[in-house]
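The structure under discussion appears below in the form of structure tokens.
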Protein chains: 2
Amino acid sequence: MVRAVPDTHGEILAAAARQFTVTGYRGTSLQDIAREVGCSKATVLYHFANKEALLAELMAPAIEVLRSLDDQLTGLTGAAAQEVAAQGFVDLAVRFRQEIAVLRGEFPELLCQPAFAHIQEISDRLRDALAGHSDRPGARIAALVLLAGISEACAEFADIPDDELRLALLTLARRAVEPVDAPLPHQPTTEDKDS
Amino acid sequence: MVRAVPDTHGEILAAAARQFTVTGYRGTSLQDIAREVGCSKATVLYHFANKEALLAELMAPAIEVLRSLDDQLTGLTGAAAQEVAAQGFVDLAVRFRQEIAVLRGEFPELLCQPAFAHIQEISDRLRDALAGHSDRPGARIAALVLLAGISEACAEFADIPDDELRLALLTLARRAVEPVDAPLPHQPTTEDKDS
DNA sequence: TCAGACCCTGACCGATCGGTCAGATGGAAG
DNA sequence: CTTCCATCTGACCGATCGGTCAGGGTCTGA
């Protein structure tokens with residue numbers, strides 16, 4: 001019996017993740033979470049300072065990976081930035097499917113909370129990288145469509161195996177991203193220094 | 001002075017659209033809307049039976065266009081279905097940018113309301129058409145990524161002119177959709193009957 | 001002048017929200 | 001046995017939500 005220690009903290013976290021996925025952060029009350037765990041609402045607030053702290057702890061692992069992806073992107077330009085951004089974000093989105101589903105739709109409001117400071121800037125940089133740091137509207141639009149679409153797909157296709165979903169999304173991303181380096185019909189770019 | 005008639009009804013509608021766009025349907029209270037209009041909350045509820053009716057009236061034009069697109073799609077298969085779906089949805093999304101922004105994220109919950117019955121089925125058919133009615137996971141995933149991404153882009157890029165946004169999105173959609181008819185590298189499809 | 005339709009409002013309602021708090025429980029340490 | 005601490009709870013709080021209702025003001029047509 002490993003179940004000697006009840007681990008209420010973890011149970012609350014898991015229940016919150018499930019509820020947030022279905023009804024969203026705002027749409028889930030502390031009462032709902034307590035009911036699913038089988039404890040009182042006061043117990044939930046004993047283990048977590050407040051509702052926001054619960055969400056923050058739920059998102060922490062995904063945010064850490066997002067930060068490390070942001071680090072990998074510094075200095076990259078053109079097609080290299082696009083490829084790393086695409087691969088990194090698809091990986092992240094597939095791996096943290098549930099976390100992505102939690103944020104679904106409430107992204108802008110939730111990012112205002114202090115626990116998620118700078119996440120907006122990171123995702124802006126990610127979008128910029130996926131656009132190959134181009135300022136052409138087409139490239140910027142394609143990058144946003146991909147980031148939003150990939151998030152939604154990961155939240156939606158909960159039944160598809162990780163590997164299959166990752167491959168499909170990466171293939172799609174490479175096909176959909178607006179090319180900036182190699183075969184540009186208009187003019188060759190002059191800002192690529194390496195490779 | 002055309003402003004003789006105050007048209008409170010229309011003002012409430014416009015204020016609600018603005019507020020819903022920023023803070024979402026759930027995140028906007030009737031009090032908020034009344035404050036922006038400069039009337040009492042009771043006045044809002046005098047002009048609209050309830051909050052849901054307000055949303056329904058706001059969405060009505062967009063929903064009608066969506067229904068007509070659904071009609072156009074019946075009977076189409078393969079690449080033809082994909083092209084009509086892509087063009088029709090991009091048109092709709094660009095034209096009803098604000099309405100799309102209102103639904104942002106709260107799509108699944110809002111669709112449960114009786115005023116939006118069958119909208120889920122219609123958008124499922126639209127997604128299916130964009131996938132060329134293929135059951136390959138790659139095609140289904142690409143279709144969902146595109147629909148979700150295009151919606152998000154239309155809600156986000158409020159400053160880009162209609163024509164430019166439409167062109168960029170349509171170009172992207174044609175590039176990103178998984179091909180089902182014409183130049184399939186693996187094998188020629190046998191289910192296309194016409195053209 | 002008066003009746004009635006229309007428009008609008010303040011006061012109020014029950015429900016639910018996130019959050020607080022004093023106190024009950026129970027096991028470990030002295 | 002007593003003390004202490006972590007865990008947990010019911011009762012309660014103020015705020016806000018969507019929605020109701022009786023009534024006041026204004027305009028119009030008979």
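Distances shown here put a side-chain N or O of B:Tyr46 below 4.0 Å from the OP1 or OP2 atom of C:dC7. Regarding contacts with the backbone of C:dC6, every side-chain N or O of B:His47 stays at 4.0 angstrom or more from both OP1 and OP2. Distances shown here put every side-chain N or O of A:Ser40 at or beyond 4.0 Å from the OP1 or OP2 atom of D:dC8. Checking the phosphate oxygens (OP1, OP2) of C:dC8, a side-chain nitrogen or oxygen of B:Thr8 falls inside 4.0 Å.
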With B for base contact, S for sugar-phosphate-only contact and - for none (protein heavy atoms under 4.0 Å), nucleotides 13-25 of chain C reads ----SBBBB----
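Looking at B:Arg127 and A:Glu156, a side-chain N of the basic residue comes within less than 4.0 Å of a carboxylate O on the acidic one, giving a salt bridge. For the pair B:Asp162 and B:Arg95, the salt-bridge criterion is not met [side-chain N within less than 4.0 Å of a carboxylate O]. For the pair B:Arg35 and B:Asp32, the salt-bridge criterion is met [side-chain N within less than 4.0 Å of a carboxylate O].
Note that the CD atom of A:Glu57 and the CD1 atom of A:Ile12 stand 10.0 Å from one another [nearest 0.5 Å]. To the nearest 0.5 Å, the span separating CG on B:Leu130 from CD1 on B:Ile150 amounts to 7.0 Å. If you take CD on A:Glu152 and CZ on A:Phe157, they are separated by 10.0 Å, rounding to the nearest 0.5 Å.
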Could you walk me through whether A:Arg166 and A:Asp91 pass the salt bridge (charged side-chain N to carboxylate O under 4.0 Å, His left out) check? CA-CA 7 Å; A:Arg166 183 161 36 227; A:Asp91 263 345; 3.5 Å; yes
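Between the side chain of A:Thr28 and the backbone N or O of A:Tyr25, no donor-acceptor pair lies under 3.5 Å.
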Taking only nitrogen or oxygen atoms into account, show me every contact under 3.5 Å that the protein makes with nucleotides 3-5 of chain C, one pair per line with its distance.
none

